[in-house]
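One structure is given here, and the rest of the page talks about it.
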Amino acid sequence: MIQSEIREFIFEENREAPSCHASTVLPLEGGRVLAAWFAGAHEGADDVGIWLSVRENGAWSCPRRITPEDGVPHWNPVLYRGKDGAVRLFYKAGRTIQGWKTWVTVSRDGGGTWSEPRLLVEGDTSGGRGPVKNKCLLLSDGTLLAPASTEQENDWRAFLDRSRDDGGTWERTDFIRRPKDEKGRVVQMIQPTLWEAPEGQVHALMRTNAGRLYRSDSPDGGLTWCGAYPTEVPNNNSGVDLARSGDGRLWLLCNPVGEDRGVRTPLTLLVSGDNGESWEKALDLETEPGEYSYPAIVCQGGTLYAAYTWQRRRIVFVQLKI
């Protein structure tokens with residue numbers, strides 16, 4: 001199933017920012033790949049910024065910080081290449097998750113230089129708009145969907161942001177309805193990952209505190225969503241991401257551990273051939289004790305590109321032929 005594999009550290013050590021997490025990955029033309037993540041003294045520290053590296057001719061560039069040193073922690077970068085070819089980087093900023101604001105900066109030279117960051121939605125006080133962790137999804141009708149969520153105290157909710165002008169302006173959906181678990185508690189859900197199949201029908205898997213991923217489906221391009229329901233995939237209340245290949249298969253990177261706040265190992269690639277109704281293991285990427293988490297995955301042609309956190313000290317890049 002997996003024909004060939006590259007697995008490598010993007011960097012060996014970053015003394016300026018020793019703790020790193022929450023990577024995002026974007027393949028470009030000519031074999032170039034962009035990767036970004038947040039890093040600093042520790043998660044939530046005032047020196048945490050967004051760092052970027054470029055893979056070219058089989059080697060990664062020295063990581064460099066691309067967001068301002070403004071004394072506010074930065075979080076959860078997401079890369080997206082627009083219809084105009086420019087690369088957008090979305091990220092959160094704020095000392096608390098409840099107070100996050102979403103910023104966006106643009107590169108028109110493939111990640112070499114970046115514009116002055118601007119707020120994605122002026123005046124937003126919701127705790128963040130646009131993509132919260134995982135990549136945006138460009139639908140067959142040209143609508144851009146951003147998988148979004150907010151984390152107010154003891155109240156985690158997922159929703160979608162929709163853009164009809166390739167990320168220029170955004171309109172948010174209602175929150176996806178949350179069910180109760182077997183103990184009568186409302187299931188807390190954040191950080192959706194999205195796919196479209198068939199055209200116009202969109203689906204989301206979400207991280208939860210209920211020991212498994214939950215799913216919701218939209219029949220109308222992400223405008224309205226059914227109430228969330230449990231899947232068979234275990235979840236440790238940590239981030240996941242998936243990509244859909246051209247043959248219709250879904251590729252899900254996750255920690256398949258069915259325990260709220262469970263360990264973040266192993267890190268496993270699952271595959272589904274029936275639009276997410278069932279899953280089987282394709283490959284374990286990490287099995288040793290430690291933290292291997294917050295994956296990002298993209299499919300381009302017959303190749304999967306992925307990145308993930310390695311022990312909070314490095315970011316791993318993986319390239320798989322499928």
Side-chain angles (χ1 to χ4, degrees), residues 22 76 96-98 126-128 132-134 145 147-160 172-195 197 201-220 222-242 244 250-282 284-287 289-295 297 308-309:
N76 293 14
T96 66
I97 297 175
Q98 292 82 3
S126 68
V132 68
K133 172 199 171 290
N134 294 321
L145 295 185
S149 60
T150 58
E151 297 178 46
Q152 301 305 317
E153 187 173 358
N154 299 318
D155 189 24
W156 294 7
R157 294 174 177 260
F159 66 98
L160 278 293
R172 60 166 296 163
T173 69
D174 293 335
F175 288 121
I176 295 174
R177 296 193 310 278
R178 300 172 297 176
K180 293 183 178 180
D181 65 15
E182 63 277 3
K183 296 182 180 180
R185 301 171 300 186
V186 173
V187 175
Q188 306 296 317
M189 306 186 307
I190 54 173
Q191 299 174 354
T193 182
L194 307 174
W195 75 97
Q201 297 186 30
V202 189
H203 315 277
L205 292 180
M206 289 157 288
R207 164 186 173 177
T208 78
N209 68 340
R212 62 182 60 217
L213 296 179
Y214 273 59
R215 174 172 169 167
S216 182
D217 307 296
S218 169
D220 52 14
L223 278 168
T224 62
W225 293 81
C226 72
Y229 56 94
T231 73
E232 68 178 40
V233 182
N235 179 241
N236 58 345
N237 199 351
S238 183
V240 306
D241 195 17
L242 67 74
R244 184 175 183 268
L250 303 178
W251 303 87
L252 174 65
L253 266 177
C254 62
N255 302 120
V257 176
E259 178 185 356
D260 184 26
R261 304 294 184 179
V263 296
R264 293 182 171 185
T265 186
L267 182 66
T268 301
L269 180 67
L270 304 180
V271 62
S272 172
D274 56 9
N275 207 34
E277 296 299 322
S278 62
W279 298 86
E280 62 182 67
K281 183 167 74 172
D284 280 325
L285 295 180
E286 301 282 357
T287 58
E291 179 176 350
Y292 313 99
S293 65
Y294 265 58
I297 187 168
Y308 59 88
T309 297

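FYI, the numbering just counts along the sequence from 1. In this text the structure is predicted, and so the values were computed from the model without any measurement.
Taking the salt bridge (charged side-chain N to carboxylate O under 4.0 Å, His left out) definition, one finds that R177 meets it with nothing, sequence neighbours left out.
Under the 4.5 Å side-chain criterion, counting only non-hydrogen atoms from C-beta, E259 is not in contact with N236. Under the 4.5 Å side-chain criterion, counting only non-hydrogen atoms from C-beta, D241 is not in contact with L253. For the pair R172 and S126, the minimum side-chain heavy-atom distance is below 4.5 Å.
Defined by atom type and a distance below 3.5 Å, a donor-acceptor pair is present between the side-chain atoms of E291 and S293. Side-chain atoms of R207 and N237 include a donor-acceptor pair closer than 3.5 Å. Side-chain atoms of N275 and W195 include a donor-acceptor pair closer than 3.5 Å.
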Checklist line | T309 and R264: CA distance, side-chain angles, deciding distance, side-chain contact (heavy atoms from CB on, under 4.5 Å) verdict | finding: CA-CA 10 Å; T309 297; R264 293 182 171 185; over 6 Å; no

Next item on the list: With side-chain contact (heavy atoms from CB on, under 4.5 Å) as the test, would you mind laying out the steps for Y214 and N235 before giving the verdict?
Entry: CA-CA 9 Å; Y214 273 59; N235 179 241; over 6 Å; no

Note to self: Test salt bridge (Lys or Arg N to Asp or Glu O under 4.0 Å) on R215 and E277; report intermediate values, then the result.
What the structure shows: CA-CA 10 Å; R215 174 172 169 167; E277 296 299 322; 3.7 Å; yes

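The distance from atom NZ of K133 to atom OH of Y294, rounded to the nearest 0.5 Å, is 7.0 Å. How far OG of S149 is from CG of L160: 10.5 Å, rounded to the nearest 0.5 Å. The distance from the OH atom of Y308 to the CG atom of L267 is 6.0 Å, given to the nearest 0.5 Å.
Side-chain N or O atoms of N134 include one that pairs as donor or acceptor with a backbone N or O of V240 at under 3.5 Å.
Look at R178 and D155 and you find a salt bridge, because one of the NZ, NE, NH1 or NH2 atoms lies within 4.0 Å of a carboxylate O, short of that distance.
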